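It should be emphasised that the depicted structure is a prediction, and the values quoted were computed from it without experimental measurement. For the numbers below, each heavy atom of this structure counts, side chains included, while hydrogens, waters and symmetry mates do not. Counting starts at 1 for both ligands and their atoms, in listed order.
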Amino acid sequence: MGLIVQKYGGSSVADAKKVKNVARRVIKTKEEGNDLVVVVSAPGDMTDELIDLAHQITETPHPREMDMLLTTGEQRSIALLAMAIWDQGHSAISFTGPQAGIRTSNIHDRKARIEGVHAERVRQGLSDGKIVIVAGFQGLTEDDAIATLARGGSDTTAVALAAELKAEICEIYTDVEGVFTADPRIVPEARKLDSISYEEMLEMASLGAKVLHSMAVEYANKFNVPLHVRTSFNSNPGTMVIKEVEGMKGVVVRGVTQDKNQAKISIFGVPDRPGIAYKIFQAIGAAGINVDMIVQGIGKDEKATISFTVPKADLRSAMDIVKEVGKEIDTTDITTDENIAMVSVVGIGMKSHSGVAAEMFGALSDEGINIQMISTSEIRISCVIEEKDTERAVVAIHNKFLPS
Ligand code: ADP
Ligand code: ASP
Ligand code: MG
């Protein structure tokens with residue numbers, strides 16, 4: 001038997017009874033002869049509640065202190081789980097992200113990336129025969145400060161540890177039975193996938209399927225860590241995220257996703273000359289803001305309209321930058337729209353199939369849903385629509401490509 005890394009999400013450790021249940025599952029895996037590292041998230045909705053609390057103090061919480069606050073959620077979970085394991089007769093040791101040797105980039109407030117793992121203490125814990133428990137979503141910057149990863153980042157902590165420790169498998173325990181063809185909370189007919197390729201999972205995660213964090217999938221792919229997404233509420237097998245295997249291309253659309261976390265910025269009256277787009281997006285990129293979709297149209301008057309999407313959380317800072325750059329390049333108007341959503345279809349089969357875009361647009365048109373922006377890659381097609389139409393759009397697209 002080998003080394004297994006397990007990650008339990010917030011719903012699995014939401015209260016004392018659930019923590020005890022996780023302790024029982026963990027001990028069972030250990031008793032089957034495995035070494036075990038367990039990564040846990042903050043209980044229930046605690047991260048949301050802490051963010052809310054900070055905003056009751058100030059509109060602009062200090063980023064370093066925000067991380068000091070947010071990391072307490074995970075810290076509570078590791079201590080409770082370790083206590084539960086000791087209480088059930090096994091030995092455990094809990095570590096915060098910094099104690100577990102997770103090193104991050106020098107940036108705060110849910111923007112840090114894992115840059116390295118110095119897992120000596122974790123290895124020591126394992127060789128002492130203990131179940132090692134690590135707080136997800138956090139690490140240490142080069143300034144010796146605690147920093148948080150993006151939301152959902154406990155998945156990434158688990159995969160980074162699994163890669164460093166060369167674990168046999170990384171099991172992600174969550175509140176659904178695996179990765180589905182669409183969010184089962186929106187599409188009740190969605191089906192659990194037995195397996196999905198890293199490439200498809202990466203697209204789905206980046207496009208809003210929050211069952212796995214995209215960075216976790218990126219690392220898993222890079223370091224060849226097999227992922228098993230499954231539920232902590234029973235022992236049914238879930239979904240294996242693996243390298244593409246023969247036959248996977250036979251399915252054109254693997255899944256449908258939605259993302260309501262984007263906002264649209266439109267800049268009107270942009271002079272149509274070289275270097276303008278560079279100026280705008282260089283400034284936004286330098287602020288660490290991720291631009292997803294960009295559309296530029298030229299009007300009759302030789303002036304362009306540039307529209308693009310940014311995460312809602314970054315809208316304010318993106319607008320500040322755009323207004324500054326806008327002054328220099330003499331635009332006529334700048335508008336924002338937060339009531340948008342992006343719906344997407346993903347599948348490696350699209351590489352060798354045409355006509356998927358037309359079918360997707362048809363599904364939206366049948367529902368009378370207007371498309372504001374479109375973007376495509378080899379294995380995905382995304383449309384920006386009005387936010388209020390999201391659920392209807394996802395169900396219609398799912399019915400079209402993945403009928404039950
Ligand atoms: P955890 O707290 O365990 O990390 P998350 O809430 O981050 O759990 O992720 C699980 C949720 O992801 C599910 O409850 C489900 O609503 C949502 N989800 C979105 N898209 C999908 C999908 N394609 N398959 C499964 N779950 C999905
Ligand atoms: N607790 C963090 C969040 O809610 C990290 C995680 O759950 O993965 O985003
Ligand atoms: Mg999650």
Side-chain angles (χ1 to χ4, degrees), residues 6-14 18 22 39-52 66-67 69-78 97 102 109-112 114 134-139 147-160 170-196 200-217 227 229-233 238-239 241 253-261 313 342-347 390-391 394 397-398 402:
Q6 296 186 334
K7 177 254 167 177
Y8 290 86
S11 51
S12 307
V13 291
K18 288 186 171 145
V22 169
V39 173
V40 277
S41 300
D45 295 328
M46 184 172 282
T47 308
D48 289 324
E49 288 159 15
L50 291 171
I51 293 171
D52 201 54
M66 193 67 175
D67 284 345
L69 179 69
L70 294 187
T71 49
T72 60
E74 271 69 16
Q75 204 167 320
R76 183 165 134 161
S77 296
I78 55 170
I102 310 279
D109 200 3
R110 294 161 279 166
K111 285 202 159 58
I114 295 181
V134 178
F137 176 56
Q138 53 180 260
T148 51
L149 313 176
R151 293 299 305 271
S154 295
D155 297 339
T156 315
T157 306
V159 175
C170 182
E171 298 178 328
I172 307 286
Y173 286 90
T174 183
D175 58 358
V176 285
E177 293 214 355
V179 181
F180 283 66
T181 49
D183 187 339
R185 292 181 207 286
I186 294 185
V187 185
E189 301 78 31
R191 292 184 294 279
K192 187 183 81 184
L193 297 164
D194 293 333
S195 62
I196 183 170
E200 289 169 318
M201 192 63 236
L202 183 58
E203 286 284 353
M204 283 185 66
S206 315
L207 295 168
K210 71 165 182 165
V211 62
L212 272 180
H213 192 262
S214 57
M215 201 82 80
V217 185
L227 294 178
V229 182
R230 55 196 303 190
T231 175
S232 59
F233 303 133
T239 304
V241 187
V253 170
R254 183 84 53 201
V256 183
T257 63
Q258 76 289 334
D259 180 2
K260 294 183 174 180
N261 281 318
M342 196 190 309
V343 289
S344 311
V345 295
V346 172
T390 313
E391 285 73 16
V394 171
I397 296 168
H398 192 270
L402 300 154

Trainee: Polar contacts were defined as any N/O atom of the residue lying under 3.5 Å from an N/O atom of the ligand; does this apply to T181 and ligand 1?
Mentor: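 Between T181 and ligand 1, no N or O pair is found under 3.5 Å apart.
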
Trainee: Regarding E391 and K260, does a basic nitrogen lie under 4.0 Å from an acidic carboxylate oxygen?
Mentor: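 Salt bridge between E391 and K260, a charged N being under 4.0 Å from a carboxylate O: yes.
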
Trainee: Please report whether ligand 2 has a polar contact with A150, defined as an N or O pair separated by less than 3.5 Å (distance criterion only).
Mentor: no

Trainee: Is the closest N or O pair between T47 and ligand 2 shorter than 3.5 Å?
Mentor: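 So ligand 2 has an N or O lying under 3.5 Å from an N or O of T47.
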
Trainee: For residues Y173 and V22, determine if any side-chain heavy atom of one lies less than 4.5 Å from a side-chain heavy atom of the other.
Mentor: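 Result no, sub-4.5 Å side-chain heavy-atom pair not found.
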
Trainee: Report yes if D155 has an N/O atom closer than 3.5 Å to an N/O atom of ligand 2; otherwise report no.
Mentor: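 N/O-N/O distance below 3.5 Å does not exist for this pair.
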
Trainee: With atoms numbered from 1 as shown, which atoms in ligand 1 lie under 4.0 angstrom from a non-hydrogen atom of V179?
Mentor: 24 (N)

Trainee: Which residue holds the protein heavy atom closest to atom 7 (O) of ligand 2, what is that atom called, and what is the gap in Å?
Mentor: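 Closest protein heavy atom to atom 7 (O) of ligand 2: S41 OG, 3.3 Å.
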
Trainee: Any salt bridge between D48 and R151, counting N to O under 4.0 Å?
Mentor: yes

Trainee: Hey, is P184 touching ligand 1 through its side chain, its backbone, both or neither, going by heavy atoms under 4.0 Å?
Mentor: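 Within the 4.0 Å criterion, P184 contacts ligand 1 through side-chain atoms alone.
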
Trainee: Please report the closest heavy-atom contact between I78 and V134, naming both atoms and the distance.
Mentor: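 Closest approach of I78 to V134: CG2-C, 3.5 Å.
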
Trainee: Can you find a non-hydrogen atom of H213 under 4.0 Å from ligand 2?
Mentor: no

